[in-house]
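Each chain gets a letter, A, B and so on, in the order the sequences are listed, and its residues count up from 1. What you see is a predicted model; the values in this text were computed from it and never measured.
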Amino acid sequence: MWNSFKTDDRLGISAEITTYAAGNGDEIHAYVVRPLADAPVPGIVLVHHMPGWDEFYQEFAERLARHGYLVICPDLYCRYGHGTPDDVTAKVRSEGGVHDDSVVADCEAAALWLRGNASCNGKVGIIGTCSGGRHALLAASRVGEFDAVADLWGGGVIMAPDQLTPARPVAPIDYTAELDAPLLGIFGNDDQSPTPDQVDEHQAELERHGKSCEFHRYDGAGHGFFYYHTPMYRQEQAMDAWGKVFAFFETHLKS
Amino acid sequence: MCTMIAVSAAVTGSGKGPTGWFPVTRATVGYDHGTHSGTEHALLLDFTNYDLGVDARVALELDLGSGRALMAQLQSAIEAAEAIEVPGDDAAIEVPGDDAGAREGSSGSSGGAVGEQGSR
């Protein structure tokens with residue numbers, strides 16, 4: 001929980017951009033943040049959003065690490081070239097978006113990287129926001145490497161046939177039967193994608209398959225309400241939802 | 001929400017970026033999360049030349065009303081230009097630094113017709 005540390009705790013993190021063998025064996029960049037710890041800690045794969053591998057995600061990774069997780073945040077756009085995050089994102093956008101298969105492969109490789117790290121306790125979660133939430137759910141559904149998954153306002157989990165594209169050929173909800181990890185969902189009731197009705201439909205599908213899920217819906221919040229650098233930020237809802245995220249990972253990765 | 005709305009066209013012309021003028025080969029119009037605008041979504045106009053790197057880009061983020069106004073004035077200016085130009089002259093734009101020079105129906109590094117890719 002926020003501000004729950006003791007002032008004499010041994011705290012600290014180290015962070016760096018490194019590379020790892022991702023999907024297809026490609027060496028791609030990742031932002032890795034390690035907490036100071038005497039014993040192995042759980043790992044988390046952090047899946048960045050459509051606006052790119054940006055500074056918000058670096059700070060997101062650092063926050064998770066401050067709460068005791070070894071975090072790897074892959075640059076899912078690494079293969080498109082390098083520049084400022086918005087320039088790279090513009091190129092990805094112009095080419096129809098990153099392919100779901102590419103993201104899933106990079107996330108699976110990131111999970112294996114964590115499990116192979118001596119400072120990881122062997123448990124690995126995955127989390128993302130926006131398209132990253134959708135991708136986190138997709139990866140957890142298609143790859144049996146995750147012990148917990150958190151989808152924060154991922155749109156496009158439910159997709160009409162005319163919304164499927166070469167880069168996004170299958171709706172994640174169609175993989176519900178394959179999801180083995182417990183799922184946390186965080187949503188704003190003013191969001192247009194996913195809409196509250198889509199969130200309800202997704203939850204019903206999870207329950208129909210007997211899946212473990214915990215959904216939280218917030219009034220007065222729309223899409224991206226964690227983004228403190230934008231007008232979408234909603235302080236009260238965001239801080240409550242952060243508590244839900246930490247509690248969820250505490251339960252499934254630290255116990 | 002990520003709309004994933006983005007369409008592209010091959011274009012011929014020049015753009016001015018932080019390091020000066022460069023030939024642009026592709027225009028992409030999206031409607032999705034912006035970087036700088038204070039709204040959840042914006043019209044995203046990118047004029048690029050990815051043969052020169054991902055930062056060879058002139059970017060605009062507009063609201064929808066501004067997009068409509070721009071589209072109307074583009075149409076108006078094009079119609080006025082066509083009234084005084086010889087048909088076919090629209091492809092005869094000299095682009096300094098562009099080896100292809102004047103090109104008709106230019107194809108960018110991987111560009112194409114409007115609406116060729118990624119609509120949702």
Does any heavy atom of chain B fall under 4.5 Å from the side chain of A:Tyr80, the backbone, both, or neither of them?
backbone

Let's go through B:His33 and A:His49 carefully: what are the C-alpha distance in whole Å and the side-chain angles of both, what is the deciding distance for ring-ring contact (aromatic ring centres under 6.0 Å, His included) to 0.1 Å, and is it a yes or a no?
CA-CA 10 Å; B:His33 300 310; A:His49 53 179; 7.5 Å; no

Is the shortest side-chain heavy-atom distance between B:Asp32 and A:Met50 below 4.5 Å?
yes

Can you see which heavy atom on A:Asp87 is nearest to which on B:Val54, and at what distance?
CB-O, 3.5 Å

CZ of B:Arg26 to NZ of A:Lys91, rounded to nearest 0.5 Å, is 8.5 Å

Which portion of A:Thr230 sits near chain B, non-hydrogen atoms under 4.5 angstrom:
neither

So, taking the atom named CZ in A:Arg93 and the one named OG in B:Ser8, what distance separates them when rounded to the nearest 0.5 Å?
9.5 Å

For the side-chain contact (heavy atoms from CB on, under 4.5 Å) test, which of B:Asp46, B:Thr28, B:Leu44, B:Val29 pairs with A:Ser94?
B:Thr28

Would the number of heavy atoms belonging to other residues, nucleotides or ligands and lying under 6.0 Å from CD of A:Glu59 be above 12?
yes

Side chain, backbone, both or neither: which part of A:His82 has a non-hydrogen atom closer than 4.5 Å to chain B?
backbone

Compare every heavy atom of A:Gly97 with every heavy atom of B:Met4, then report the nearest pair and how far apart it is.
CE-CA, 4.3 Å

Point-to-point distance, once rounded to the nearest 0.5 Å, from OH of B:Tyr50 to CD of A:Glu95
7.5 Å

Which bit of B:Thr48 is near chain A, if near means a heavy-atom gap under 4.5 Å: side chain, backbone, both or neither?
neither

